[in-house]
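Data block below; observations after.
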Amino acid sequence: MMDDGVPKRLGSADLAAVLRREIAVGGFRPDDRLPPGRDLALRFGVDRGTVREALARLARDGLVETRPGSGTYVVDAPRDTANPVIENARPLELIDARFALEQHVCRLAVLHARRTDLAAAESLLVTMEANVDDPAAFAEADGAFHILLAESTGNSLMSWMVTEISSVRSQEQWARMLRVTLEPSTIRTYNAQHRAIVDAIRNRDPERASAVMKEHLETARLSLTRAAAT
């Protein structure tokens with residue numbers, strides 16, 4: 001379920017990304033009632049308007065519905081939690097799949113990212129930079145960051161694929177790898193790469209954004225390969 005270490009000072013776009021990921025990994029299942037808006041606002045340190053906007057985004061995507069007098073409920077889950085591909089995927093497979101998608105995500109984000117997307121990305125950058133010594137909080141914000149980049153492309157299929165791939169992070173073998181690999185020095189490197197990606201998107205430089213994402217994924221793959229060899 002949701003962790004109190006997830007990003008604070010969220011905008012509606014990145015709050016929606018965090019909740020979407022919770023649905024994707026099975027934290028909320030179809031027909032589950034989401035916490036009341038006031039509870040979500042307190043948990044994530046946002047105002048009620050931000051919560052309403054985030055839930056409206058999820059409703060537009062067909063993930064939740066509001067039932068008058070009852071609350072907001074999950075109506076669809078992006079994946080089958082029993083999917084054997086998801087259940088059995090190895091962390092290195094995740095990275096290889098991300099190589100196939102996320103460089104192009106960056107190019108599309110250069111074309112389509114809105115000011116609100118960049119503001120949401122900045123909020124997540126600040127959260128990740130504040131959690132160098134907290135791997136769990138960093139990892140949650142990191143997952144939301146990469147999903148947000150996909151959402152900023154305006155391509156719902158691309159966003160779905162990245163969310164589906166990211167759901168592998170919920171597996172125990174991934175959690176074990178994170179405990180081994182997410183040292184403060186590694187997190188600082190990831191943070192510098194994340195910020196360079198956002199800067200390139202903000203500057204409308206598609207090749208720079210793609211190149212830094214490639215460098216970021218190469219760093220992650222090398223870290224995982226070293227961990228797997230120990």
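The structure presented is a predicted model; accordingly, all values stated were derived computationally and were not measured. Positions are given from 1 along the sequence.
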Atom [atom1] of [X] and atom [atom2] of [Y]: how far apart are they, to the nearest 0.5 Å?
{"X": "T189", "Y": "E183", "atom1": "OG1", "atom2": "CD", "answer": "10.5 Å"}
{"X": "I187", "Y": "D134", "atom1": "CD1", "atom2": "CG", "answer": "8.0 Å"}
{"X": "T181", "Y": "Y190", "atom1": "OG1", "atom2": "OH", "answer": "5.5 Å"}
{"X": "L149", "Y": "C106", "atom1": "CG", "atom2": "SG", "answer": "5.5 Å"}
{"X": "M213", "Y": "E102", "atom1": "CE", "atom2": "CD", "answer": "4.5 Å"}
{"X": "N155", "Y": "L108", "atom1": "CG", "atom2": "CG", "answer": "6.5 Å"}

| request: Go through the steps for H112 and D117 under the test side chain to side chain donor-acceptor pair (under 3.5 Å), then give the verdict. | output: CA-CA 9 Å; H112 301 293; D117 297 319; over 6 Å; no
Side chains of [X] and [Y]: does their closest heavy-atom pair fall under 4.5 Å?
{"X": "I165", "Y": "L94", "result": "yes"}
{"X": "M158", "Y": "H104", "result": "yes"}
{"X": "E122", "Y": "L118", "result": "no"}
{"X": "D133", "Y": "F138", "result": "no"}
{"X": "N191", "Y": "L125", "result": "no"}
{"X": "T66", "Y": "L55", "result": "no"}
{"X": "E140", "Y": "D142", "result": "no"}
{"X": "V64", "Y": "Y73", "result": "no"}

| message | Are L182 and V132 connected into the same hydrophobic cluster when the rule is that any two of I, L, V, M, F, W, Y join if their side-chain heavy atoms are below 4.5 Å apart? | response | yes
| Any side-chain donor near an acceptor of the partner, T72 and E65, under 3.5 Å | no
| query | Salt-bridged, D31 to R67, with N to O below 4.0 Å? | reply | yes
| query | Does D199 come within less than 4.0 Å of R202, counting only side-chain N to carboxylate O? | reply | yes
Say whether, by atom type as modelled, one donor and one acceptor occur between the side chain of [X] and the main chain of [Y] under 3.5 angstrom.
{"X": "N203", "Y": "D205", "answer": "no"}
{"X": "T153", "Y": "A150", "answer": "yes"}
{"X": "D32", "Y": "R29", "answer": "yes"}
{"X": "S223", "Y": "T219", "answer": "no"}

Looking at [X] and [Y], what are the two nearest heavy atoms and their distance?
{"X": "I201", "Y": "A113", "value": "CG2-CB, 4.0 Å"}
{"X": "S210", "Y": "Q103", "value": "OG-CB, 3.4 Å"}
{"X": "A141", "Y": "T127", "value": "CB-CG2, 4.0 Å"}
{"X": "A200", "Y": "R208", "value": "CB-CG, 3.5 Å"}
{"X": "L58", "Y": "A16", "value": "CD2-O, 3.7 Å"}
{"X": "R48", "Y": "A41", "value": "CD-CB, 4.0 Å"}

| request: Run the numbers on L63 and V75 for side chain to side chain contact (heavy atoms under 4.5 Å, CB included), then give the verdict. | output: CA-CA 5 Å; L63 294 178; V75 296; 5.6 Å; no
| message | Checking R188 against E129 for the salt bridge (charged side-chain N to carboxylate O under 4.0 Å, His left out) test, could you report, in this order, the C-alpha distance in whole Å, the side-chain angles of both residues, the deciding distance, and whether it holds? | response | CA-CA 7 Å; R188 289 190 185 94; E129 290 164 353; over 6 Å; no
| said: Please identify which of these residues, I197, V162, V110, meets the side-chain contact (heavy atoms from CB on, under 4.5 Å) condition with V105. | reply: V162
| request: Please lay out, stage by stage, how E53 and R57 fare under the test salt bridge (charged side-chain N to carboxylate O under 4.0 Å, His left out). | output: CA-CA 6 Å; E53 291 172 12; R57 286 173 177 263; over 6 Å; no
| request: Check step by step if side chain to side chain contact (heavy atoms under 4.5 Å, CB included) holds for V198 and F145. | output: CA-CA 10 Å; V198 174; F145 175 78; 3.6 Å; yes
| query | Are R221 and F99 in a cation-pi setup, meaning NZ or CZ lies under 6.0 angstrom from the ring centre and within 45 degrees of the ring axis? | reply | no
| task | Report the relative orientation of the aromatic rings in H216 and H146; use parallel for angles under 30°, tilted for 30 to 60°, perpendicular for over 60°. | result | parallel
